[in-house]
Student: 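First the structure, which I've put down as structure tokens, then a few questions once you've had a look.
Everything numeric here is computed off the predicted structure, so don't read it as measured data.
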Amino acid sequence: MNALAIFLGVVGPTQVILIIAIIVLLFGGKKIPELMKGIGTGIKEFKKAANDDQPANSKKEEETKEKE
């Protein structure tokens, strides 16, 4: 069994509703869309940076192979 599942147990619908209610109370209804937009933008930028980095590594490997 997964160690995380053993640690947290099985998350049921009541726990999910409770977690959502706590998040709404902490951040408020107006802040949640802004928070999600920020998270989405961050993930998008991370993926873009990861994809931009891969071709650079491939070019370096090709140049190294050509020199040999």
Side-chain angles (χ1 to χ4, degrees):
M1 199 161 186
N2 191 353
L4 186 59
I6 293 171
F7 178 71
L8 295 176
V10 178
V11 179
T14 13
Q15 286 91 358
V16 171
I17 292 170
L18 182 65
I19 291 169
I20 291 172
I22 290 171
I23 290 173
V24 169
L25 287 173
L26 287 175
F27 295 107
K30 293 182 181 180
K31 278 286 195 186
I32 293 175
E34 294 173 17
L35 186 67
M36 292 299 132
K37 184 179 177 183
I39 291 172
T41 305
I43 291 172
K44 199 179 295 183
E45 290 293 322
F46 178 78
K47 285 182 180 179
K48 182 180 174 186
N51 288 337
D52 288 346
D53 189 39
Q54 287 177 349
N57 289 337
S58 298
K59 290 178 184 177
K60 288 179 184 177
E61 290 174 1
E62 290 176 6
E63 290 174 359
T64 307
K65 288 180 183 178
E66 289 175 1
K67 289 180 182 178
E68 293 176 356

Student: Can any side-chain N or O of Gln15 pair as donor or acceptor with the backbone N or O of Gly12 at less than 3.5 Å?
Tutor: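 Yes; judged by distance alone, with no hydrogens or angles, the pair exists.
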
Student: Kindly compute the distance separating OG1 (Thr14) from CG (Leu18), expressed to the nearest 0.5 Å.
Tutor: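 Rounded to the nearest 0.5 Å, the OG1-CG separation comes to 8.5 Å.
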
Student: Evaluate the salt bridge (charged side-chain N to carboxylate O under 4.0 Å, His left out) criterion for residues Glu34 and Lys31: first the C-alpha distance (whole Å), next the side-chain angles of each, then the deciding distance (0.1 Å), finally the verdict.
Tutor: CA-CA 5 Å; Glu34 294 173 17; Lys31 278 286 195 186; 3.8 Å; yes

Student: Are Phe46 and Leu35 linked, directly or through intermediate hydrophobic residues, by side-chain heavy-atom contacts shorter than 4.5 Å (ILVMFWY only)?
Tutor: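 No, it is not one cluster - the side chains of Leu35 and Phe46 are not joined through contacts under 4.5 Å.
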
Student: Let me check something: do Leu25 and Val16 share a hydrophobic cluster, defined by ILVMFWY side-chain heavy atoms less than 4.5 Å apart, either directly or through other members?
Tutor: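 The answer is no; the residues belong to distinct hydrophobic clusters.
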
Student: Please say which of Ile20, Leu26, Ile19 ends up in a side chain to side chain contact (heavy atoms under 4.5 Å, CB included) with Ile23.
Tutor: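 Between Ile23 and the candidates, side chain to side chain contact (heavy atoms under 4.5 Å, CB included) is satisfied uniquely by Ile19.
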
Student: What about Ile22 and Ile39, same hydrophobic cluster or not, with Ile/Leu/Val/Met/Phe/Trp/Tyr joined at side-chain heavy-atom distances under 4.5 Å?
Tutor: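 Same hydrophobic cluster.
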
